[in-house]
Amino acid sequence: MEVIIENVAAYFIVGILTIIILIYYLKSKKKQSISTEAKIQKAVEYGFHEPVSLHPVINYDICIGSGACITACPENDILGLVNGKAKTINASHCVGHGACFHACPVQAISLVMGTEKRGVELPHVSRDYETNVPGVFIAGELGGMGLIKNAVEQGKLAMENITGKLKNFSKSKLDVIIVGAGPAGISASLTAKKNNLKFITLEQDTLGGTVFAFPRAKIVMTSPMELPLHGRVKLTETSKTELLNLWNEVLNKNNIKINESEKVLEINKNDKIFQVVTSKQTYETSTVLLTIGRRGSPRKLDVPGEEKEKVAYRLLEPELIHDSNILVVGGGDSAIESALLLAEEKNNLTLSYRGESFSRLKPKNLEKINSAVSSKSITVMLNSNVKEILDNAVIIESKKEGTTSIENDLVYIFAGGELPNKFLEKIGIRITKKFGETILKH
Ligand SMILES: Cc1cc2nc3c(=O)[nH]c(=O)nc-3n(C[C@H](O)[C@H](O)[C@H](O)COP(=O)(O)OP(=O)(O)OC[C@H]3O[C@@H](n4cnc5c(N)ncnc54)[C@H](O)[C@@H]3O)c2cc1C
């Protein structure tokens, strides 16, 4: 009898404990759902909920709410859980790492380009990476597929296809010109070398592509990549410097020189040969591979003095810049993040923005810039335009202060980018709008 009572008591305690744990679990799930829903509401308000490019789409019939996608995502608050299912929050901030895609244990995520409402314009590219203009090929993010690993893979495959098809095109001094030295262009250059092609690689800026243009240190690689003439690269989390050193090392070892600071302005076809017009000269080639990404070229202010060496369109190593008078131009997240990073390094920071107020900023950036203004670590000039850049000063015209000259050592301009669509259309490449096309699925 005593044993029975003891067993009943034990079952009772276990039951009570299970109920307590269950209640606690359900409560925390509810709290999580409420918090995610509030974030979604805020994202809708700020215009960040609607994706602009590649983004995850969750199959709710399969999703088990493991949260693996949220943990894997290197960006903040792209995904959250509502009632045990993953939902997108700030989908427009997704940069297409695809970490969520790989992390999902039940393969409930696919990567989709554009939405039904907001289309994304992409060039027409065949399965072998050729455009509708015979002899002009496209690889990497320009074709719609983001991520370093994918760009590397596509650069290699596109160049293998070019090598195989070369006999179909008219002979010229060069077999192929590669335009753009991001991950896709680097991989294509290595493959061209491996296949003994006559080629050059032209880069408007410096080697490395998009990743190196952003003021952030961490780079995430979701799976190993196969780098031509080098082999398997297994880096799950790395730094810009480490990756850049690797590209440089492999290119140097194979005697490949990238023509940096040489922007391709036009590509024309004459007598079945392509004339590639750059900021420096004109080249002739049988084929062209465009690996120019989707970010375009930085938009210029077109003001006197903009050609000076102290003017830059990206911030690479803020930690090395101290005690300088700096002007940052722009009102987007890149401008704000750069200004904040430079202000942290004890520089004298002025931010000039032509708008009346900051709109469409990440909420955290808006908060931070407001507090930097309050603490006087950054001087913000709204409704202002840069008129001239001098050696030791900048002339700014603003609604409030009129024309002023401020002391200046460095200028960083973040005025957005000129998308490559016009450039592509001029070559004759067809561009179509994708409304929610699945790019990657299991
Ligand atoms: C903020 C941010 C963070 C990211 N983080 C990661 C990450 O952690 N991991 C990851 O895998 N992916 C990441 N990505 C995505 C990754 O950067 C891109 O998918 C990848 O760089 C695409 O490679 P690409 O070679 O196709 O193009 P890009 O890297 O964009 O390179 C294109 C190159 O072409 C040059 N170019 C353009 N026009 C011309 C012209 N007319 N003449 C000459 N040159 C030209 C450009 O200057 C550029 O160097 C991130 C993207 C962003 C925006």
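Side chains included, hydrogens not; waters and symmetry mates left out as well; all remaining heavy atoms used. Index from 1, following the sequence. All of these numbers come straight from a predicted model, not from anything done at the bench.
- If you check the side chains of S172 and S286, you find no donor sitting under 3.5 Å from an acceptor.
- Under 3.5 Å, the side chains of N325 and N408 contain no donor-acceptor pair of N or O atoms.
- Within a 6.0 Å sphere centred on CG of N252, heavy atoms belonging to other residues, nucleotides or ligands number more than 12.
- Of the possible donor and acceptor atoms, none in the side chain of N348 sits under 3.5 Å from a partner among the backbone N and O of S324.
- Judged purely by atom type and a 3.5 angstrom limit, H49 uses its side chain to pair as donor or acceptor with the backbone of I89.
- Between the side chains of S352 and S384, a donor-acceptor pair is found at a separation under 3.5 Å.
- When only modelled atom types and interatomic distance are considered, E407 and N392 share no side-chain donor-acceptor pair under 3.5 Å.
- In this structure, W247 and V152 approach most closely via the heavy-atom pair CH2-CG2, 3.9 Å.
- Under the 3.5 Å distance criterion, with hydrogens and angles disregarded, no donor-acceptor pair is assigned to the side chains of E130 and S126.
- For the 3.5 Å distance criterion, the side chains of T278 and E262 qualify, holding a donor opposite an acceptor.
- With respect to K422 and E425, no salt bridge is recorded, no charged nitrogen being found less than 4.0 Å from a carboxylate O.
- Taking the six-membered ring for Trp and thresholds of 30 and 60 degrees, H442 and F101 have nearly parallel ring planes, at less than 30 degrees apart.
- At distances below 3.5 Å, not a single donor-acceptor pair connects side-chain atoms of S92 with backbone N or O atoms of P51.
- Side chain to side chain, E203 and N259 fail the donor-acceptor criterion of an N or O pair below 3.5 Å.
- Other residues, nucleotides and ligands contribute over 12 non-hydrogen atoms within 6.0 Å of the NZ atom of K280.
- Within a 6.0 Å sphere centred on NZ of K368, heavy atoms belonging to other residues, nucleotides or ligands number 12 at most.
- No hydrogens or angles considered: a donor-acceptor pair under 3.5 Å links the side chains of N268 and E266.
- A side-chain donor-acceptor contact under 3.5 Å links E160 and N195.
- Using a cutoff of 4.0 Å between basic side-chain nitrogens and carboxylate oxygens, D391 and K310 are not scored as salt-bridged.
- For E307, the CD atom is densely surrounded, since the number of other residues' heavy atoms within 6.0 Å is greater than 12.
- Side chains of S297 and Q204: a donor on one and an acceptor on the other come within 3.5 Å.
- By the 6.0 Å contact criterion, NZ on K308 is enclosed, its count of non-hydrogen atoms from other residues, nucleotides or ligands being greater than 12.
- Atom CZ of R299 is surrounded by more than 12 heavy atoms from other residues, nucleotides or ligands within 6.0 Å.
- For Y412 and Y313, the gap between ring centers reaches or exceeds 6.0 Å.
- Side-chain N/O atoms of D77 and N90 include no donor and acceptor closer than 3.5 Å.
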